[in-house]
Amino acid sequence: MRLSRLLLPLFAMAFAAQAAAAPNVVTSIKPIDDLVRAVMDGVGEPVRLIPPGSSPHTYALKPSERLAAETADVLFWIGPEVETSLVKVSKSLRPSARIITLTEMPDIDLLPARKGGDWERKPRGDAHGHAHASSLDGHLWLSPANASMIVRAANATLSAADPANAERYAANAEKTIRRLAALNAELRDKLAPVQDKPFIVFHDAYQYFEHSYGLHAVGSILVNPEAMAGAKRVSEMRAKIKALGATCVFSEPQFEPKLVQTLIEGANARAGVLDPLGANLPSGLEGYESLLRNLSENLGGCLAATP
C-alpha cells in the first residue's frame, strides 16, 4: 500500500509530462477543428482561430488569436481560397512549424468554383463538368471522403510531430474513419430518393455535398457571398425558380430569410435552411457528423415534401 502511494504521484507526473509534450495545434474553422480534435482525443485539444458563425472570408483575427497561430507547432487550414485572414499569418509561423494547407494535399478531391450563380445540369460522375473554373471551391469539408483524407493527414502530421502519442493518434484516426464511412453510407441511402429534384441555395457552399450524393442544385441567390443580392438578381432568380421548377430554396442561419420568401412567392417551391459551418453544434467528431446529418435532413425533408 505504501509503495502504491509513492508510485501514484510519479505516474501522475509522467502523465502530466506527456500531456505537456503534446504539440501546440491550431485550426482555422470549426469543421476542420472537429476532425483534428477527433484525432487528438485523449492527448490534447487544438485551438480554433475563427469563431463559429464568423465568415472565414472576412474575419479579422484578434491579437490573442494571431499570437496562438504564430506560436503554433502545427497549423491546419484550407487555404487562401477560404481563410483570407490567415494568409499572412501562415507565412509568419516559426520555421519549424508544420503547415497543413488542405487544398494542396494530393488526395483531397478539389472542385472548381462555379461562376455566376446559375448552373445547368451536367452528366453525373463528371466532377468538374458543371463548372467554368476561375478559382477553387474551398468548401471541401462537406465531402465525407475529403473528411477522411483530413483525418489521415492529421494522424500523419501529429504522429510525426509527437511520436510519443503516435499510437493514440492512429487509433483515433482509425475509429474516426470508420464512423465517417458509416455516416457516408447512411446519408447516401437517405438522399437517394431526392437526387433528381432541383433546388437553389443561398450561396455556393454545398458543391462537395452535392457531388457526394448526386444532388441537383441549379443555382445560388448570391453570386458573391459577401454581397447581398440586388433587385436585378432577385428578379433573375425568381424567373429561374419558375422556369426550372426548383423544388426548394434554402437560406442560411446568419442571413435574413425574408429574401427567400420573396423569391418563392408565386412559385411552387418551399423554403428551407442550410448551415455549412454548424456554428451551434458540439465540438469534435459528433459535431462534424451532426453538421452533415443536418444538411441531409434539411435538404431531404424539404425536397421530399414537394411533388
Side-chain angles (χ1 to χ4, degrees), residues 109-133 137 139-147 180-223 225 229 233-252 257 259-276 278 289-307:
D109 179 28
L110 298 177
L111 300 174
R114 297 182 283 203
K115 288 182 64 176
D118 299 316
W119 321 311
E120 299 300 331
R121 178 187 287 275
K122 299 294 179 182
R124 286 209 186 110
D126 180 2
H128 304 282
H130 56 279
H132 300 286
D137 184 341
H139 302 86
L140 54 83
W141 65 88
L142 292 181
S143 158
N146 281 347
L180 289 172
L183 175 66
N184 190 29
E186 171 193 328
L187 300 189
R188 188 181 298 115
D189 289 343
K190 286 184 177 180
L191 292 168
V194 297
Q195 286 182 334
D196 293 320
K197 295 197 173 186
F199 61 94
I200 289 174
V201 296
F202 201 80
H203 87 284
D204 192 10
Y206 308 95
Q207 185 179 189
Y208 288 91
F209 194 79
E210 300 160 26
H211 179 60
S212 296
Y213 302 109
L215 301 174
H216 183 27
V218 295
S220 64
I221 299 171
L222 301 186
V223 175
R233 180 65 185 163
V234 170
S235 178
E236 290 172 348
M237 293 310 295
R238 289 192 70 177
K240 191 173 186 70
I241 290 168
K242 292 181 180 180
L244 294 180
T247 302
C248 292
V249 180
F250 293 96
S251 63
E252 294 178 12
L259 178 56
V260 171
Q261 294 298 331
T262 299
L263 287 173
I264 66 174
E265 186 177 348
N268 186 27
R270 293 166 55 88
V273 178
L274 299 177
D275 179 5
E289 291 172 324
S290 296
L291 170 64
L292 265 60
R293 283 196 176 100
N294 287 351
L295 288 179
S296 173
E297 290 172 5
N298 292 342
L299 267 166
C302 185
L303 295 175
T306 53

Looking only at heavy atoms, which two atoms of [X] and [Y] are closest? And how far apart?
| X | Y | value |
| --- | --- | --- |
| Asp204 | Ser220 | N-CB, 3.9 Å |
| Leu299 | Phe209 | CD1-CE2, 3.7 Å |
| Tyr206 | Asp275 | OH-N, 4.1 Å |
| Ala304 | Val194 | N-CG1, 3.9 Å |
| Tyr208 | Leu111 | OH-N, 2.8 Å |

Return the CZ to CG distance between Phe199 and Leu274, rounded to the nearest 0.5 Å. 7.5 Å
Quick one: pull up CD in Glu210 and CG in Leu191 and give me the separation to the nearest 0.5 Å.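 That separation rounds to 11.5 Å.
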Could you check if a side-chain atom of [X] sits within less than 4.5 angstrom of a side-chain atom of [Y], using non-hydrogen atoms only?
| X | Y | result |
| --- | --- | --- |
| Leu142 | Leu292 | yes |
| Glu252 | Pro276 | yes |
| Trp141 | Leu291 | yes |
| Asp137 | Leu110 | no |

Distance alone, cut at 3.5 Å: any donor-acceptor contact between the side chains of His139 and Gln207? no
For the side chain of Lys197 and the backbone of Leu303, is there at least one donor-acceptor N/O pair under 3.5 Å apart?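 Answer holds: yes.
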Has Tyr213 got a side-chain atom pairing as donor or acceptor with Lys190's backbone, closer than 3.5 angstrom?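 Absent.
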With side chain to side chain donor-acceptor pair (under 3.5 Å) as the rule and sequence neighbours excluded, what pairs involving residues 290-302 come up? Glu186-Arg293
With sequence neighbours excluded, residues passing side-chain hydrogen bond (donor to acceptor under 3.5 Å, both in side chains) with Asn146: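 For Asn146 there are no side-chain hydrogen bond (donor to acceptor under 3.5 Å, both in side chains) partners, ignoring immediate neighbours.
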